[in-house]
Each structure stands twice: as structure tokens, then as C-alpha cells.
Amino acid sequence: MLENMAIRIAELHYTVSQHVEGILYREQTDYIAELLESYKRSENRQTPRVTDYVGISRDRGTALHKRHESDYYLVDPDTNMHYLIELKIGGDLDNKKARSEKEALLEQYCILTNKLGTEDNVRILFATAYNRYGEGRPWTQGRVRQFFAQEELCISRDFWNLVCNYNHGYETVIDEYRNNASVINNALDEIREAYLPSN
């Protein structure tokens with residue numbers, strides 16, 4: 001429900017797609033694999049930074065045509081910023097999942113920047129709909145932080161503000177939820193009565 005709601009809100013302000021398609025170079029996938037290994041190894045582990053992949057779209061070589069499904073690919077028509085977003089509602093990821101999500105986002109980044117011819121206006125983000133540690137508190141899940149830089153985290157308030165393209169988007173969404181919570185609760189009660197036997 002939250003994912004669908006976020007997409008509908010985003011459509012008010014952005015061009016929204018859920019896939020990226022185009023050329024990905026083998027040298028880019030090799031670089032991504034090496035980079036992810038550097039985040040994973042136990043000795044001399046590298047801390048993720050956005051600058052780790054700056055310049056990756058300049059790699060050229062063996063071209064592959066690839067399509068990636070995406071949670072959100074948003075284009076702001078006013079600023080021409082492109083956002084590739086992986087949304088996990090609560091943000092819970094195990095080690096393998098965190099690595100595979102970052103790999104998918106980096107491949108999408110390469111495909112998109114290869115197509116656009118620039119990296120300047122493309123961002124990748126790991127997003128959550130709420131902060132499981134409490135609103136306003138730091139996001140500390142180690143498995144996510146192992147593969148994602150601080151600047152790539154788009155947690156709770158930041159996610160809703162981005163989707164709403166408004167500095168108070170989070171407050172607006174929360175207020176509307178509170179105003180309409182009774183409708184949601186009534187629908188849940190109807191489902192419960194229809195499908196769950198009463199004792």
C-alpha cells in the first residue's frame with residue numbers, strides 16, 4: 001500500500017518509471033563486482049562513498065543490452081535530476097540482499113548515465129518509508145551501511161519529502177494518514193470479518 005501510494009504521489013511532480021534499459025559495458029560490471037567485494041572483505045574493508053563510482057560511465061568496451069526493473073526511477077522535469085530508488089518499507093536487509101540491491105542500483109546507474117552521457121544529474125538512493133530506529137534518529141543497520149554511503153540513504157522523512165517534492169512532504173503524508181486512518185481500519189475490519197473465523 002505504501003509503495004503504491006508513494007508512486008501516485010511522485011507522479012504529481014516527477015516522470016515516474018519502474019525500469020531502466022540500455023547499454024551496460026562488461027568493464028562496468030567488472031568494476032561494480034570489485035567495488036562490492038571491497039565493501040565486503042574482512043581485512044581492509046572499504047567504507048562506501050558516492051565518489052567510489054564517479055567516472056564509471058566513461059568505461060567502454062564490450063556492450064551488453066540490459067533492462068533492470070526498478071522500484072522508482074524519478075525524473076524531476078524542473079531540475080532534470082534523475083533518481084534511482086530502491087525502497088524497502090522498513091529497511092530490513094540481510095548481507096546478501098544489501099549487496100544485490102547495491103549491485104542492481106549501480107548497474108541501473110551505469111545504464112542511465114551511459115544513455116544520458118553524464119553522471120552529474122543522476123543519484124542512487126536506498127530508501128525506507130519509516131525509520132525503524134525512531135524518526136530523526138540515525139539509521140544504523142550495519143548490513144545496509146556496509147554497502148551504502150550516508151549520502152545514498154533516504155530514510156523516512158527524506159524519502160517522503162523527495163517523493164512529494166516538498167520540504168514538508170513527510171508531515172503532509174502523516175497528517176493525511178491520521179485524517180484517514182479510520183477508513184483504513186474499517187477496511188481491515190471488513191477483511192478480518194470476511195476471511196478470519198471469529199472465536
Derivation of the side-chain contact (heavy atoms from CB on, under 4.5 Å) call for Ile56 and Glu119: CA-CA 9 Å; Ile56 195 170; Glu119 297 178 30; 4.2 Å; yes
Which residue pairs pass the ring-ring contact (aromatic ring centres under 6.0 Å, His included) test when at least one of the two sits in residues 99-136, sequence neighbours left out? Tyr53-Tyr109, Phe126-Phe148, Tyr133-Trp139
Crowded around Arg8 CZ? As in, over 12 foreign heavy atoms under 6.0 Å? no
Have a look at Ser57 and tell me which of Leu112, Leu116, Asn114 forms a side-chain contact (heavy atoms from CB on, under 4.5 Å) with it. Asn114
Quick one: pull up CZ in Phe159 and CG in Leu2 and give me the separation to the nearest 0.5 Å. 8.5 Å
Would you say the side-chain atoms of Glu152 pair up with the backbone N or O of Ala149, donor to acceptor, closer than 3.5 Å? yes
Report yes if the side chains of Leu162 and Tyr14 come closer than 4.5 Å at any heavy-atom pair, otherwise no. yes
CG of Asn167: more than 12 outside heavy atoms within 6.0 angstrom? no
Short side-chain to backbone donor-acceptor contact, Asn131 and Gly134, under 3.5 Å: yes
Any salt bridge linking Arg49 with Glu151? Criterion: basic side-chain nitrogen under 4.0 Å from a carboxylate oxygen. no
Ile191 side, atom CD1; Asn186 side, atom CG - distance, nearest 0.5 Å: 11.0 Å
Basic-acidic side-chain contact under 4.0 Å: Arg157, Glu171: yes
Determine all donor-acceptor pairs shorter than 3.5 Å in which one atom belongs to a side chain in residues 68-82; sequence neighbours excluded.
residue	atom	partner	partner atom	Å
His68	NE2	Glu107	OE1	2.7
Glu69	OE2	Arg67	NE	2.8
Glu69	OE2	Arg67	NH2	3.4
Ser70	OG	Tyr72	N	3.4
Ser70	OG	Tyr72	O	3.1
Ser70	OG	Gln108	OE1	3.2
Asp71	OD2	Leu87	N	2.8
Tyr72	OH	Glu3	O	2.9
Tyr73	OH	His82	ND1	2.7
Asp76	OD1	Asp78	N	2.8
Asp76	OD1	Thr79	N	3.4
Asp76	OD2	Thr79	OG1	3.4
Thr79	OG1	Met81	N	3.3
Asn80	OD1	His82	NE2	3.4

Separation of Asp120 CG from Arg123 CZ (nearest 0.5 Å): 13.5 Å
Do Arg145 and Leu153 have side chains that get closer than 4.5 Å, going by heavy atoms? yes
Might you point out which heavy atoms bring Gly169 and Asn161 nearest each other, and give the distance in Å? N-OD1, 3.0 Å
Glu37/Arg41 ion pair, N-O < 4.0 Å: no
Are Ile23 and Ile111 packed together at the side-chain level, in the sense that at least one heavy-atom pair is separated by less than 4.5 angstrom? no
Chi angles and distances behind the side-chain contact (heavy atoms from CB on, under 4.5 Å) call for Cys164, Val173: CA-CA 9 Å; Cys164 295; Val173 170; 3.9 Å; yes
Could you check whether any side-chain heavy atom of Tyr170 comes within less than 4.5 Å of a side-chain heavy atom of Glu135, counting everything from C-beta outward? yes
About how many Å separate CD1 of Ile155 and CZ of Arg132, when rounded to the nearest 0.5 Å? 10.5 Å
Is there a path from Val16 to Leu12 through hydrophobic residues (I, L, V, M, F, W, Y) whose side chains come within less than 4.5 Å of each other? no
Hydrophobic clusters here meaning ILVMFWY residues chained together by side-chain heavy-atom distances under 4.5 Å, can you tell me if Tyr31 and Val54 are in one? no
Go through it in stages, so that I can follow the logic: the residues are Asp52 and Tyr39, the test is side-chain contact (heavy atoms from CB on, under 4.5 Å), and I'd like the CA-CA distance, side-chain angles, deciding distance and then a yes or no. CA-CA 11 Å; Asp52 294 341; Tyr39 297 156; 2.5 Å; yes
Determine whether a donor-acceptor pair (N or O, by modelled atom type, separation under 3.5 Å) exists between the side chain of Glu101 and the backbone of Ala98. no
Other residues, nucleotides and ligands only: do more than 12 of their heavy atoms fall within 6.0 Å of CZ on Arg143? no
So Thr62 and Tyr25, side-chain contact (heavy atoms from CB on, under 4.5 Å) or not? Walk me through it. CA-CA 5 Å; Thr62 307; Tyr25 294 96; over 6 Å; no
Is Glu86 salt-bridged to Lys102, going by a charged N under 4.0 Å from an acidic O? no
Working to the nearest 0.5 Å, report the span between CD of Gln28 and NZ of Lys66. 11.0 Å
Which atom of Thr128 lies closest to which atom of Gly91, heavy atoms considered: CG2-CA, 3.5 Å
Do Arg99 and Gln146 get their side chains close enough for a donor-acceptor pair, meaning under 3.5 Å? no
Common cluster, Leu64/Ile32, ILVMFWY with side-chain heavy-atom separation under 4.5 Å: no
Could you measure the distance from the CZ atom of Phe147 to the CG atom of Leu35? Nearest 0.5 Å is fine. 9.5 Å
